[in-house]
Structure formats: C-alpha cells, structure tokens
Amino acid sequence: MPKSEGKPLLGDEEQALSREEQQEADIRYAMATPPEGLTEAEAAARLERFGLNLLEEVKRNELLVFLSFFWGPMPVMIWLATIVVAFEEDWDDFAVLLTLQMVNGVVGYFEEKSAGDAIEALKQSLAPKASVKRGNVFRSLEAKLLVPGDVVNLKLGDIVPADCKLREGKALEVDQAALTGESLPVTRGAGDTVFMGSVIRRGELEAVVCFTGGRTFFGRAAEMVNRAAGEQQGRFAKVMFQNTMLLFILSVSLCTVIFVEVYDSGLDFLESLSTVVVILVACIPIAMQIVSTTVMAVGGRSLAEKKAILARLSAIEELAGMDILCSDKTGTLTQNKLQLFDPVLIDPDVDANELVFLGALAAKRMASGADAIDTVIVASVAEKDRPRLEEYSELEFTPFDPVLKRTEARVAGADGREMRVTKGATKVVLDLCSDKHAVGDAVMKANDGLASRGFRSLGVAVARGGATAEWRFAGVLSLFDPPRVDTKETLERARGMGITVKMVTGDQTAIAVETSRAISLSAKATPLILDMKEFSAADAKSAAAATALCERVDGFAEVYPEHKYRIVELLQLAGHTVGMTGDGVNDAPALKKAQIGIAVEGATDAARAAADIVLTEPGLSVIIDAMLTARCIFARVRNYVIYRIACTLQLVCFFFLACLVFRPRNFYCYEDSGSQAISGSYFSDCALDDLDDGGGCHDYEEDGCAYPYYYDSAKYSFCIPVLGIVIITILNDGCMLTIARDHVLPAATPQNWDLNQLRIIACVLGCVPLASSLILLYMGLSSADGLYPPYAFLFGRKVPAAYQNAEDDRYYLPYPELTMMMYLKISISDFLTLFASRTRGPFWSRAPSLPLAAAFLVATITATLIAAYANLPDNTYPMDAISSAACAFVWFWNIGFFVVQDTAKIVLYKIFDHYNYAAEDGAAAPAKAPPAAVPFKA
C-alpha cells in the first residue's frame, strides 16, 4: 500500500517500516481529516481501531502480591518451625516466630511496591475534557474518546489532550514543564506538534489529533516506565537472595545430618524435629531482611536531613555503588534561571548599563506574572539607573509575538519626551534600523558568536523622538542559564570519589558544550559533548559501538526520552551502576530504568513517582552528600552480612561437628549399667549404685542423690535446648539492630558486593570461634565425673570430699553445666565477632557508637547473668548455672581467640588489598579548563 494514500498501516506493512516512517504515515492519515472534522460514524470506527485515549495500566492483584512474600525458602522454614512449636504448645516460641514472619512479609511487600505509582502520576496529568469538532460542530467531549484525525480547539489554559499537529493561525506559547522540566514556554506554530500534557499559555488555535493513548509522547514514556519496572531487580535484593540461599542450603544439609544423629541417639521424632528446626531457624538469617532494612531506614532519615527523600530503601545500597551519574543540565548543574552576561555594544553612545536600561524599557514591568526574560533584564538594571527607570511611564506596549519576534514599548520620560524601544531576535531588530548596513556585519558576527556558545541573544534598538524617528541599533544582550555556584567544586569531589558525571540534556549542543566548559564537567580541557545523531548512528551500527561511545563521551545534547533510556541501558549492560537525574515526564522512563533514579527539586509528579530518591533542594551537591551517607550505610549493611554469615557458619557447623564427632555417652554415665565403661575414668564402669558412698541414688535430676551422677541427657547427641538457642538469636538480633547507628567511614571509591571476598572474610571470622568452641566442648566433656583432667579446675567445681585426693585438686564439670557453658561461649563469641567484622583494620581502630556499645554490654551481661544464676529445666537438655570461675574462664577464652580472629581478618584484608592495589591506580589529574563566560554585573 503506497504511503501517499494517507491510510493507516496494518499488520506486516506496519512492521516493515521504521518507527519514524510509521509515525509519518500515521500523521498523514490523521491530517487527511476534512475541515469540518470527523463524522460520528468515522470517529466510532477509529475508536474501535485505536482504542481509548488512555495510558495502559499494568493491573496486579495486590492480595496475591502481598501473600507471595509469605512463600519461599525462608518463609517455608519459618512456617515449619512455627507449626512444630505449636504442636509442642510452646506458645512463646510460636509468638516470636509468627511475629518475625509477619514483619518480614510486610516489609518485603512495601519495599517492592513501585511501578503503579509512576503510571498513576502520568494519568493525573492528562486533560479530562476537550473541545472537539465533529460534523462541523464543536462540543465538549471526554478526552479519553479522542481518536486520530479529530479536530480540537486549543486555547489559553487548556491541557493538550493528545499529541496534535497545529493548523494555520497565530502561533501559541506552550508550557511543556510537565514533560521536559524546562521552565520557559516554547513557541509552536502551524505544522508543529504539541504533546499530550502540555499547557497552552498564550493564543488559540485548532489542531488535529495524530496520536492517542499509548502512542503519544506520554504513552511511550509510560510504556518504558512499565518495561523498566519489570526488568528492575535491586542489587541489594540479589545479594540478599544469593547469601540467604547459600546459608539456607548449607544449613538444611547440615541440619539434616544433625537430625539423623539426634534421632539415632534416642530422641523421639518430634523432639528431634523441634530441636533441629530451631537450630535451622537460628542459622538461616531470618532477621537479615529486618536488620538490613532497619539499617537503611535509619540511613534514610539521615538522608532526609540532607534534603534527599527515599522512595525505595534499597536505593541506598545502590547509591553507594554508583560509578556513573547521568545528570540533567537545567536546575541540577545550572540554576534554571536566565542571567545577563556581558553585552555586546554597537552604538558608541551606549554603554553596558545604558543598554540594559534600554532593554528594561522594552520590557513589561509587572509585580508578578511577567515574562521570564523581562524579569531578568529589569532585575539587572544598575542601582543608579533604577530611579530613572521609574520616571519613565509606559504609553503603549506590544508584547512578544511569535510572528513579530520582538517586544516594543513607547515610553515618556519625566520631561515628557517620548521614545520607542524594542528588543527581540537580533536579525529582526537589526532589519528595523536605519544603520543596519553600517553595523550589520558587527552585529551578526556577535550574534553568531553568542549562538555558537549557546547563549540566547537579544538585539536592542531605540528610536528617540516621535513616531517618525528612525531606529538605531544599540547593542546585543546575551542571556545564559549560569552554572550553580557549587557545581564545579561538587564535580571535583565526585571525580575524587570515583564517580563519572555525564551531562544528558535536551538542550542544544552549543548550550551543553558551553555549560560543560563552565563547570569543568570532565578532567579534559574541553569536555566531549555529542548530539544524538552520532549516538543513533553508533547504536544502528552495533550495541558495542554505542556502549563504547557512551563510556567515552562526557555527555549528550538534544536527547529524547528513548535516548536517555537507551543510554542508561547500555551503561548498565557494560557493568556500570548508573544514577540518572531528571525532573520531567520525559525523564520518567530513564529514572525507572537506572539503578538510582533521582528526581531533582521541583520535579513533576511523574518523575518523582518513577524515582528512587527525591531531592528537596536544588543542585548536584545534595546528590554527592547523599552518596557519602549511602556509602556509610553500605558499610554498615556489609558489616552485618559478614557478621551474619560468620555466625551462621559458627552455629550450624558447631552443632554439626558436635553431633558427628563427640559422643557425651563416651564421657558421662547416663544409666546404672555396668556395661557402660568410660575410658580413663576413675570409676571402672557406670554401675555406680555399687559404690560405697553411703547411698545408692546417683540420679542428677533428683534431690539428695550422691556424686558421681547419672546424666540422662548424655545419652543423646550434644545440643543446646530450644530455649537457649532462642535466647542467643534474640540477643544477637537485638544487638545487631544498633549497627544502624554504628560509626563508619565512607569509602573513597564506589562500593560493590565482592561476594567472594566477603564470604572468605566471613568464613575466617566464623571458623576461628568455631574451632575455639569445639576445643572448649572437648575440654568440658573430658572434665566429666571421674576423669579429672588437670585443666578441670578452670570450671570451678570440686568433687565431694569422699572422692577428693590428698592434693585436693580434683575438679569436674556436670553435664548440665557444660551445656550452659557452651551456651555462654557461643553467645559471647557471636557478640565479639561483630566487633571483628565492623572494621578492616584492628578492632580498636574505630570506636563503636554509643548504642552499639550499650547493646553489646546489655547482651553480654544478660547472657553472663543467665549462665551464672539461671537453672533452665528441659525435658531433654537441662542447663544449670555455672560457677563464677567458669564464667570468667569463658570470657578470657573468647577474648583470646577474638584476638586471633581479628588478626586473621587483618592479614586477609592486606592480602586482598595487595592484589587489588593496581586497579586503584591510574587516576588522571584534572586538566585546566579554558575560562568560562562571566555573568554581567552592573
């Protein structure tokens, strides 16, 4: 079907064309509408074909989404543990586990809830009604019923209901701030396109609808937001999932062996399952999400104090790893307000201050609602000229007109003398002047020079006298959106922190180049800024070529939304963690696609909804401050993950090896049986009732029974009771919550999860206390009744006088006290591991925060008091209070191995740093940039 026929393309024909060709064909189809508009029948047919003029929504069942957070490897294990303790009617453990499950699910749901908000914000910007011409009659119609080819009337204050082509008539001024974030209105005349969501600020004109719904500029942005939301999975979520699954698989595997060993030792099935499931719950990082979220939430409050509001908590972790920041120009790198720079003087009788004064006379002086350019010029009048400006009264004023391209004022001074002053497009003003042949070359040379640097130029002319006086060209005013005062310094800070800032702007290339020079965007003398033609050519060639271009250049100008999205996508595929700033609807897709979408101060609702971080203060320095805070938060989360992996390894491997290697029945008597003999024991066998001790009762559980004892729990594999494991878990996680306020230093470079390094460090930190626990367990077991090793005195329990030797140096350790001692040992070594994991250097190199130190003291003192004074009965594994000597020994034992643990960590980090040192070298020194334009000062 020839394209010239002006018919819509269907099926294979449409797919065979490029998007640009399809759009051209669709525009011709829409513009073929007759002057009287569409008929109702034709409109109905097109509505059937093109659908409603609405943005497509991705519907989701919120209940199912919420319930999904209670299903998966970790939730299933928590449910299993909850069910088992419920069968045993252990309601305290049941309540704790159920609360953890609920908190995990609720936190996960609200953390992931995102994309629908961005689409809703886009929808709210649409026009609900439109004035539509059908059958040669205008009538009000719901905007959602518009179809391509409809003729609509656009007037002052209207929100453009769809993408439209303007018909013949006087040009409009259109506010596109909701789309682009640019504050100044743009002029649009016959044949130009106005986009859905724009606001008409001046004029009235008919237009033909070309694109509706998802095919509009708005619709394409919404589609990309949806696509980005579907593709997006936070780096933090991936790391947490990988580590959790690793610990889950390890814990389940080892706990399966523990279950077999415990069950085989004589414990019944339900008790075995209960014990193993609680060990599993303690080993799997159930609270990892809660603790990590708490750390980030506290950091989020800190960011809010720095004028950065978090929309997604995990963005903190990604902000810490950001190595490329794609920054919008207007309002972020610049002030988003025009400023006068040194003017070009043409008339020798007019100096710089006088030229600005004349420009102010040609401006509409209003208290509010004045044109942005007029406001800048009037504000720039020298202080000494302000009284004179007030003396001039405005007799007649012609506002800026897109056709005339200039303003003109007839004014009278205090003496009654009249003159006319005009300002506007330099070429237009020059053509008015009688001296245009004499000064034309100089004027146009100055105008071209300013244009090549991205300045907006305004010619100023004056006609002194009556209506017949001739115009004389006075000079050229130059306007520019100046850099923010802190931008240059902030960019230097960013480079020093390992971040590359790239400018991505919709402005003209010349403006982008001049701005990049003024702010020293890169270390190069002249930053490399390209327009999108070169990018499109590279992307058409290959994705690799486009990626190389994105990495090489310092920025892009004349960028469209799909370009921003593609730039972010390519940089991400190259392994970069990308941040993107933006403020308009056109930025929403790229904000959603980037790992860190940053909506700058004054951003539209759609941009804020798509962003991960919303700034409430202008400028780039807010982002850099937020990034420093994010790196501190990342350090806290990383320290916690190392600690949690180390503790899991210590706990699950201890119970695994304790069950597999040690048999308490080989050290302690558990029944009156002469067949049970203890190797090396003072007693020949366990028929203790035959001893001449004045009585035949040796049951440790009964009052009045005599030493030596039978320990019923010694017949089972070694373990700690469920209550002891729960206490360890609660005290550990309670202590860990305070890591959110720990003292840390921000890293000098972008932070990434080096999982191999992290896991090696965690393994070493876990293996040292694991080894110390196994050695202490052996020492305790070998100090059983009748064994009397020389080190048994460390546990502070002397045997009764009837069995004491002449030297009075026989000591022993009852089995329930051994269980309590191991509980204390594991508790303290867990807490000390936290102090080893929180620093790269010696543990004393950085003092802990007051909350962390206080929590450590509370947790360790609580654990010690329980060990020293509490007798915890249990059907299977009772725990009895140990002596003060045993408590002190456990402390010294832990501290000694803690020094070994910390030393091993320091050595490992030095090895890693040695092999990674070369990668941190080679940063280029910043080159000196040429002098930038200096703002005009009266």
Taking side chain as C-beta onward, heavy atoms only, is Lys502 less than 4.5 Å from Leu325? no
Could you check Glu394 against Lys364 for salt bridge (charged side-chain N to carboxylate O under 4.0 Å, His left out), going step by step and ending with a plain yes or no? CA-CA 9 Å; Glu394 182 184 288; Lys364 187 69 174 178; 2.8 Å; yes
OG1 (Thr490) and CZ (Arg484) are apart, to the nearest 0.5 Å, by 9.0 Å
In this structure, are over 12 heavy atoms from other groups packed under 6.0 Å from Lys427 atom NZ? no
Quick check: does any side chain N or O of Thr581 sit under 3.5 Å from a backbone N or O of Asp328, one acting as donor and the other as acceptor? yes
Are Arg46 and Tyr29 in a cation-pi contact, defined as NZ or CZ under 6.0 Å from the six-membered ring centre and within 45° of the axis? yes
dist Glu489:CD -> Ser520:OG (nearest 0.5 Å) comes out at 12.5 Å
Apply side-chain contact (heavy atoms from CB on, under 4.5 Å) to Ala207 and list each qualifying residue two or more places apart in sequence or on a separate chain. Val152, Leu154, Cys164, Leu166
Let me confirm one number: the SG-CG distance from Cys210 to Asp26, rounded to the nearest 0.5 Å. 9.0 Å
Please report the interatomic distance CD1(Ile346) to CG(Leu355), rounded to the nearest 0.5 Å. 9.5 Å
Under 3.5 Å, is there a donor-acceptor pair between the side chain of Thr407 and the main chain of Ala362? yes
Locate the shortest heavy-atom distance separating Ser327 from Leu333; write the atom from each residue and the value. OG-CG, 3.7 Å
Side chain to side chain contact (heavy atoms under 4.5 Å, CB included) between Leu432 and Glu408, worked out: CA-CA 12 Å; Leu432 294 174; Glu408 182 179 328; 5.7 Å; no
Pair Arg464 + Glu470, salt bridge at N-O below 4.0 Å: no
For salt bridge (charged side-chain N to carboxylate O under 4.0 Å, His left out), just list the numbers for Asp441 and Lys445, CA-CA rounded to whole Å, side-chain angles, deciding distance to a tenth of an Å, and then say yes or no. CA-CA 6 Å; Asp441 290 344; Lys445 181 179 179 181; over 6 Å; no
Shortest non-hydrogen contact from Val376 to Leu340? CG1-N, 4.0 Å
Determine the minimum heavy-atom distance between Leu358 and Ala474, stating which atoms define it. CD1-CB, 4.1 Å
Looking at residues at least two apart in the chain, or sitting in another chain, which of them share a side-chain contact (heavy atoms from CB on, under 4.5 Å) with Thr334? Lys329, Thr330, Asp481, Thr515
Pair Phe556-Met503, side chain to side chain contact (heavy atoms under 4.5 Å, CB included): steps then yes or no: CA-CA 6 Å; Phe556 292 101; Met503 180 192 297; over 6 Å; no
Hey, does Thr33 have a side-chain heavy atom less than 4.5 Å from the side chain of Leu38? yes
Which label fits Phe480 and Phe341: parallel for a plane angle under 30°, tilted from 30 to 60°, or perpendicular past 60°? perpendicular
Taking the side chain as every heavy atom from C-beta outward, state whether Phe535 and Leu530 have any pair of such atoms under 4.5 Å apart. no
CG/Asn53 to CE/Met196 distance, rounded to the nearest 0.5 angstrom? 4.0 Å
Taking Ser536 for the side chain and Met532 for the main chain, is one N or O donor matched with an acceptor at less than 3.5 Å? yes
Does the side chain of Val411 reach to within under 4.5 Å of the side chain of Leu395, using non-hydrogen atoms? no
Sorted by chain and number, sequence neighbours left out, side-chain contact (heavy atoms from CB on, under 4.5 Å) with Thr509 holds for Val513, Asp531, Ala557, Glu558
Please identify each residue that fulfils salt bridge (Lys or Arg N to Asp or Glu O under 4.0 Å) with Glu390, with sequence neighbours left out. none
Student check: side-chain heavy atoms of Arg139 and Leu141 closer than 4.5 Å: yes
Residues which pass side-chain contact (heavy atoms from CB on, under 4.5 Å) with Asp435, listed by chain and number, not counting sequence neighbours: Cys433, Val439, Arg472, Phe473
Please identify which of these residues, Thr505, Val504, Val559, meets the side chain to side chain contact (heavy atoms under 4.5 Å, CB included) condition with Cys326. Val504
Using side chain to side chain contact (heavy atoms under 4.5 Å, CB included) as the criterion, point out the one residue from Val151, Val147, Leu146, Asn153 that pairs with Val132. Leu146
Distance-minimising heavy-atom pair for Gly169 and Leu205: CA-CD1, 3.3 Å
Using side-chain heavy atoms (C-beta onward) and a distance below 4.5 Å, is Arg517 in contact with Pro527? yes
Tell me yes or no: between the side chains of Thr426 and Asn447, is some donor less than 3.5 Å from an acceptor? yes
Using the rule given for side chain to side chain contact (heavy atoms under 4.5 Å, CB included), can you reason through Leu479 versus Leu458, listing the C-alpha separation, both sets of side-chain angles and the distance that settles it, and then say yes or no? CA-CA 8 Å; Leu479 297 101; Leu458 293 175; 3.5 Å; yes
Verify side chain to side chain contact (heavy atoms under 4.5 Å, CB included) between Glu534 and Val553, making sure each step is shown before the conclusion. CA-CA 11 Å; Glu534 296 188 54; Val553 304; over 6 Å; no
Roughly how far apart are Thr39 OG1 and Arg134 CZ, rounded to 0.5 Å? 9.0 Å
Set out, in order, the CA-CA distance, both residues' side-chain angles and the distance that settles salt bridge (charged side-chain N to carboxylate O under 4.0 Å, His left out) for Lys133 and Glu36, then state yes or no. CA-CA 7 Å; Lys133 189 179 188 181; Glu36 64 272 14; over 6 Å; no
Heavy-atom closest pair (Tyr565 atom, Ala590 atom, distance to 0.1 Å) is N-CB, 4.0 Å
Does CD belonging to Glu204 count more than 12 external heavy atoms closer than 6.0 Å? yes
Listed by chain and number, what are the salt bridge (Lys or Arg N to Asp or Glu O under 4.0 Å) partners of Lys155, not counting sequence neighbours? Asp158
Closest non-hydrogen atom pair, Leu450 against Ser457: CD1-CB, 3.9 Å
Arg386 CZ: over 12 foreign heavy atoms closer than 6.0 Å: yes
Close side-chain approach of Val209 to Asp163, heavy-atom, < 4.5 Å: no
Kindly indicate whether the side chain of Thr187, heavy atoms from C-beta on, has any atom under 4.5 Å from the side chain of Leu172. no
